[in-house]
Amino acid sequence: MDRVMDTLQQVILDPKYHDIFGILKGLRNGAIYGSKVRFAHALVMTFLFRNGSYVHISLIFQIWLLTRLCRIKDKMVLIIKATREHARNLATFVFIYKSTLYVLKSTNGKQQDIDTFIAGLLGGYVVFGRGGKSSVNQQIVLYVFSRVVLGLAKLTVKKRLIPSLHDDVGNKVWPAFAAVCWGLVMYMFRTDPDVLQPSMKTSMDYIYLDSNRWDSLRNLVWHNE
């Protein structure tokens, strides 16, 4: 058995096979990272927002569930801090937004469509603009931005500013869009990784760079380092 392990160790450390094993470890790291991120996100989002036959879990159980998922105290502190900032910022935005709508309605005598833009502009500036460029704020603003871009694209079709794409054309546009996005992000990661968002760069380091490093079967298959 020791002889087999020694032979296997020599093979995985042979520079001739480095690229092959790098591909395999990249596959492993991608699967592990994707599972960690998606499972935690899907678990929380499903319990919090999806309707179903189950009884809605209480806030206390939600906190307990998140606590059980975090075995390290420092991680729990970061989660609580980010959750508090996210909740506070959204609550503040809603307060400013609805208060502004109320003031404008009282001033004009009725609600106008442009009032929502003005209220959103003010809330966005105070809370997410002037409020600081934290990672939480960046994630929220970029999430909203991506949805706005998609919404504007649909709006141009709805308003007939551009012709509606046939299904066969639309089915070709999305693959091209996905390909360009991934091509650009991988090129930027290769040439100028510092311009990427820190959390994204960290995840890409784990998937694409850490998968090029190992010195034993242990950190090739079972552990990252």
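- The CG atom of Asp210 sits 4.5 Å away from atom CZ of Arg213, with the distance rounded to the nearest 0.5 Å.
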Give the C-alpha distance, both sets of side-chain angles, the deciding distance and a yes or no for side-chain contact (heavy atoms from CB on, under 4.5 Å) between Arg88 and Val127. CA-CA 9 Å; Arg88 182 186 66 239; Val127 179; over 6 Å; no
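- Judged as a salt bridge (charged side-chain N to carboxylate O under 4.0 Å, His left out), and not counting sequence neighbours, the contacts of Asp205 are Lys201.
- Hydrophobic clustering of Ile, Leu, Val, Met, Phe, Trp and Tyr side chains at less than 4.5 Å, counting indirect connections, unites Leu209 with Tyr206.
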Is there a side-chain contact (heavy atoms from CB on, under 4.5 Å) between Tyr102 and Asp115 once you walk through the steps? CA-CA 10 Å; Tyr102 174 76; Asp115 293 350; over 6 Å; no
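- When side chains are defined from C-beta on, Leu104 does not count as touching Gln112, because their heavy atoms never get closer than 4.5 Å.
- If you chain together hydrophobic residues whose side chains sit under 4.5 Å apart, Ile23 and Tyr208 never meet in one group.
- You'll find the side chain of Ile114 reaches within 4.5 Å of the side chain of Phe117, heavy atoms only.
- Atom CE of Met200 is separated from atom CD of Gln138 by 13.0 Å, given to the nearest 0.5 angstrom.
- The distance from atom NZ of Lys98 to atom CZ of Phe93, rounded to the nearest 0.5 Å, is 11.0 Å.
- To the nearest 0.5 Å, the span separating OH on Tyr17 from CG on Leu24 amounts to 13.5 Å.
- At a threshold of 4.5 Å between non-hydrogen side-chain atoms, the residues Gln139 and Gln197 count as touching.
- Placement of Phe189 and Val180 in two distinct hydrophobic clusters is found when ILVMFWY residues are connected by side-chain heavy-atom separations under 4.5 Å, directly or transitively.
- Of the possible donor and acceptor atoms, one in the side chain of Trp214 sits under 3.5 Å from a partner among the backbone N and O of Ile12.
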Applying side-chain contact (heavy atoms from CB on, under 4.5 Å) to Lys154 and Lys158, what does each step give before you reach the verdict? CA-CA 6 Å; Lys154 294 179 180 180; Lys158 181 180 178 180; over 6 Å; no
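- Looking only at side-chain heavy atoms (C-beta outward), Ile96 and Tyr125 stay at 4.5 Å or farther from each other.
- A pairwise comparison of heavy atoms in Val11 and Phe21 identifies O-CE1, 3.8 Å as the closest pair.
- Cluster annotation: Val141 is not connected to Leu196 through the hydrophobic network of ILVMFWY side chains, with a link wherever side-chain heavy atoms come within less than 4.5 Å.
- Checked against side-chain contact (heavy atoms from CB on, under 4.5 Å), Arg147 has the following partners two or more places apart in sequence or in another chain: Tyr143.
- A distance-only check finds no donor-acceptor pair linking the side chain of Asn137 to the backbone of Ser134 [under 3.5 Å].
- When all heavy atoms are compared, the tightest approach of Asn212 to Gly22 is OD1-CA, 4.5 Å.
- Both Leu90 and Val126 are assigned to one and the same hydrophobic cluster, defined by single-linkage of ILVMFWY side chains at heavy-atom distances under 4.5 Å.
- Interatomic distance, CG of Asp192 versus CZ of Arg190, reported as 12.0 Å (0.5 Å rounding).
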Between Tyr97 and Thr116, does the side-chain contact (heavy atoms from CB on, under 4.5 Å) criterion hold? Intermediate values first, please. CA-CA 8 Å; Tyr97 174 77; Thr116 58; 3.4 Å; yes
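- In terms of heavy atoms, Met204 sits closest to Met186 at CE-SD, 3.5 Å.
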